[in-house]
S.K.: 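To start, I am sharing the structure in question, which I have written as C-alpha cells.
Reminder, nothing fancy here: chain letters follow the sequence lines and each chain counts from 1.
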Amino acid sequence: MRSITITINGIECACRAGDFVKEVALAHGIAIPSLCHHSALPGQACCRLCIVEAGKPGKGKSVVTSCVFPAEAGLEVETDTEKIRRLRTNILELLLDRAPLGGGALAGFASEYGVTDPYTPEHPDEKCILCGLCVKACEKLGNSAISTMMRGIEKKVGTARDLPAEDCIGCAACAKVCPTGKIACTEAGGVRTIWEQEFALLPCPVCGKPHITGREYDWLKARFGADGDAGGTPFDAFDPRICPECRRRTSSAHAGTLPASP
Amino acid sequence: MKEDIERIVALYPPERRFALAAMQDMQRQFNYIPAEGLDALSAAMGIPIAQLYSMATFYRALSLKPKGRHIIKICDGTACHISGSEVLAAALHDAIGIRPGEVTEDGAFSLETVNCLGSCAVAPVMLIDDTHFGGVTPDRLAAIIEEVGAK
C-alpha cells in the first residue's frame with residue numbers, strides 16, 4: 001500500500017494510506033484515549049472516546065472517531081484540543097452514568113478528565129458500557145461463548161440462556177480486554193472461575209505455575225494440532241501451557257540459536 | 001416437534017446467512033423457537049449457540065417462549081399513540097386480562113405493541129394475526145376479540 005505522511009499534533013507521521021488514525025498515532029507514541037478498542041481486534045467506534053479533530057489543510061477540521069478514520073495524504077489531526085477535551089468530558093459523564101461502578105480504563109479516564117457522574121444513574125450497580133469488545137475477543141480468540149443478548153434498554157452481554165456455556169473454554173480473553181472490569185474472573189488453588197464456571201488450570205511445564213485452562217489447551221490442540229508432548233511439530237516452541245514469563249525466557253534463548261542475519 | 005425441526009433445518013444450506021430464515025420458520029411452526037431448534041440449527045450451520053440466542057433475543061418477531069394462537073399487535077407508533085393506543089391496551093387488559101408481552105392462560109391470545117404498521121390514516125390500528133383493524137375504539141374491541149377468538 002502507498003506510503004504517505006499525515007500530521008498528528010504537529011508531528012509528521014509516516015503510514016500507509018487507509019491506516020486508521022488511532023493506530024498511526026500509537027505507532028508514533030501518541031496515545032489517544034479509548035475504551036472499546038484493542039489493537040488486535042477491528043475498531044468498533046462505539047465508546048466515542050477516541051474522537052479527534054481531523055481535516056485537510058485549509059478545509060477546516062471535523063470531529064471523527066480515530067479508531068476507524070482512515071489516513072490520507074496530508075491529513076492534519078489534533079488529538080487534544082479544548083473542544084475535544086470538552087466533548088470527551090461529556091462522553092465520560094454519559095458512560096459513567098450508564099456504568100457507575102465501571103472500573104479499569106473507564107475509571108482511569110474519568111479521574112484523568114476529572115469527571116464524575118452529574119446525573120442519577122438508572123442502574124447504580126452497573127459496570128458494563130456495552131462496548132462489545134469482550135464479544136469480539138471471544139469470537140476471535142475464544143469460542144464465541146458470549147454475545148449481546150436482548151436489545152435496547154435490556155441489552156446485555158451474556159451466554160446463551162444465561163447458563164454456563166458449553167462453548168466457553170475459560171480463556172478469559174473477554175475479562176482481559178474488558179475496559180471496565182465487568183467480567184469477573186478469579187483464580188485460586190489451580191482453578192479459574194469465570195462466567196459461573198470453574199476451570200482447572202494446567203501447570204506451566206517450566207515453572208509449574210498454573211497458567212492455561214485444561215479446556216483451552218484441549219481446544220487449541222484440536223484446532224491447531226498443537227501437541228506439547230510430541231516432538232517435531234511447530235507448536236513445540238509455543239506450547240500454550242508455558243506461562244508468558246517462561247515463554248519470554250525460552251523464546252529469547254531460542255533466538256540466540258538462530259543463524260545470524262547476513 | 002423433532003421431525004419439524006429437522007425438516008426446517010434441512011430446508012437451508014448450512015450457511016450463516018440462512019439462520020434467520022430458519023428461525024422465522026420455527027417461529028411460524030411452533031409459535032416460538034424451542035431450545036432444541038436453536039441447538040439443531042447451531043449444529044447444522046456451525047454457528048455458535050450464543051450468536052443464535054443473540055439474534056433470537058434481538059428480533060421482536062422471534063420469541064423463545066410460546067406465544068398465543070392469535071397474536072394481537074397494538075400499533076404504538078406516533079399517530080396511534082396520540083389517537084389512544086394506550087386506551088386500547090387498557091381496554092384489552094380489561095377484556096382478556098393480559099398486558100403487552102403476555103399470553104392468556106388458555107393460550108388463545110398474546111399481546112404485543114409494535115412501532116408502526118404503516119396505516120397511520122386509520123389510527124389507532126390493531127393487527128390480529130394477518131388482519132388489520134383501523135379506527136379501533138374500546139367499544140368495538142369486544143366484538144373483534146369474540147370474532148377472532150371463535151376461529
S.K.: Applying salt bridge (Lys or Arg N to Asp or Glu O under 4.0 Å) to Arg215(A) and Asp218(A), what does each step give before you reach the verdict?
M.R.: CA-CA 5 Å; Arg215(A) 206 137 134 198; Asp218(A) 292 342; over 6 Å; no
S.K.: What part of Ala145(A) lies closer than 4.5 angstrom to a heavy atom of chain B: side chain, backbone, both or neither?
M.R.: backbone
S.K.: Tell me, side chain or backbone of Glu154(A) under 4.5 Å from chain B's heavy atoms, or both, or neither?
M.R.: neither
S.K.: If you apply the rule side chain to side chain donor-acceptor pair (under 3.5 Å), what do you find for Glu102(B) with Ser110(B), and how did you get there?
M.R.: CA-CA 6 Å; Glu102(B) 297 176 349; Ser110(B) 54; over 6 Å; no
S.K.: Between Gln197(A) and Arg192(A), is any side-chain donor less than 3.5 angstrom from a side-chain acceptor?
M.R.: no
S.K.: Without hydrogens or angle criteria, can the side chains of Ser63(B) and Gln27(B) be said to hold a donor-acceptor pair below 3.5 Å?
M.R.: no
S.K.: Checking Ala56(B) against chain A: side chain, backbone, both or neither under 4.5 Å from a heavy atom?
M.R.: neither
